[in-house]
Amino acid sequence: MVQFSGVVVTGDSLLPVPFVSIGTMGSFRGTVSDVFGYFSFVAQVGDTLGFAAVGFARAHYVVPGSLHNSQHSLSKVLHPETILR
């Protein structure tokens with residue numbers, strides 16, 4: 001198990017993205033970032049984490065097997081979702 005802590009920011013201005021849903025794909029584990037974009041939860045090596053927020057394109061991150069300790073920091077960038085008309 002790996003303790004993940006991090007922050008979710010926008011791709012264009014690096015401002016925090018509040019209330020991002022962060023979950024392990026295929027399970028019911030996850031969390032929501034706070035008003036400052038910070039989050040923390042436990043994942044396993046090889047898990048695929050999904051990041052979703054209203055107005056932003058979904059993003060994914062695979063927990064690497066090369067981690068050397070049980071804690072890991074992550075900054076995730078979300079990009080505004082483009083709507084074609």
Side-chain angles (χ1 to χ4, degrees):
M1 300 299 274
V2 178
Q3 179 68 40
F4 266 88
S5 298
V7 64
V8 182
V9 296
T10 61
D12 55 354
S13 62
L14 299 180
L15 292 173
V17 180
F19 313 118
V20 176
S21 175
I22 305 157
T24 303
M25 306 295 279
S27 79
F28 295 103
R29 289 178 297 158
T31 190
V32 175
S33 68
D34 69 8
V35 70
F36 303 108
Y38 291 104
F39 66 92
S40 183
F41 78 108
V42 176
Q44 294 180 341
V45 170
D47 280 350
T48 299
L49 308 181
F51 294 78
V54 174
F56 292 89
R58 291 180 182 257
H60 297 92
Y61 177 80
V62 178
V63 179
S66 60
L67 298 177
H68 298 288
N69 58 29
S70 62
Q71 296 180 344
H72 187 66
S73 295
L74 174 70
S75 293
K76 190 63 181 171
V77 176
L78 292 184
H79 298 282
E81 190 167 44
T82 303
I83 299 173
L84 299 175
R85 294 180 186 214

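What you are looking at is a predicted structure, and each value in this text was computed from that prediction instead of being measured.
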| field | side-chain contact (heavy atoms from CB on, under 4.5 Å) assessment of L49 paired with T24 | value | CA-CA 5 Å; L49 308 181; T24 303; 3.8 Å; yes

| message | Do L78 and V9 have side chains that approach each other closer than 4.5 Å (heavy atoms only, starting at C-beta)? | response | no

Count I, L, V, M, F, W, Y as connected when their side-chain heavy atoms are under 4.5 Å apart, and connections chain through other members. Are [X] and [Y] then in the same cluster?
X	Y	value
L14	V35	yes
V32	F36	yes
V77	V7	yes

| said: Donor-acceptor check, side chain of T31 to backbone of I22, threshold 3.5 angstrom: yes or no? | reply: no

| Donor-acceptor pair, S33 side chain versus F19 backbone, under 3.5 Å? | yes

| said: Please report the interatomic distance CZ(F51) to CZ(R58), rounded to the nearest 0.5 Å. | reply: 12.5 Å

| Interatomic distance, F41 atom CZ to M1 atom CE [nearest 0.5 angstrom] | 9.5 Å

Looking only at heavy atoms, which two atoms of [X] and [Y] are closest? And how far apart?
X	Y	result
F4	A43	CD1-CB, 4.0 Å
G50	H60	CA-CD2, 4.0 Å
A59	K76	CB-CE, 3.6 Å
S5	S40	OG-OG, 3.1 Å
V45	V63	CA-CG1, 3.8 Å

| Worked check of side-chain contact (heavy atoms from CB on, under 4.5 Å) between V20 and F39 | CA-CA 9 Å; V20 176; F39 66 92; over 6 Å; no

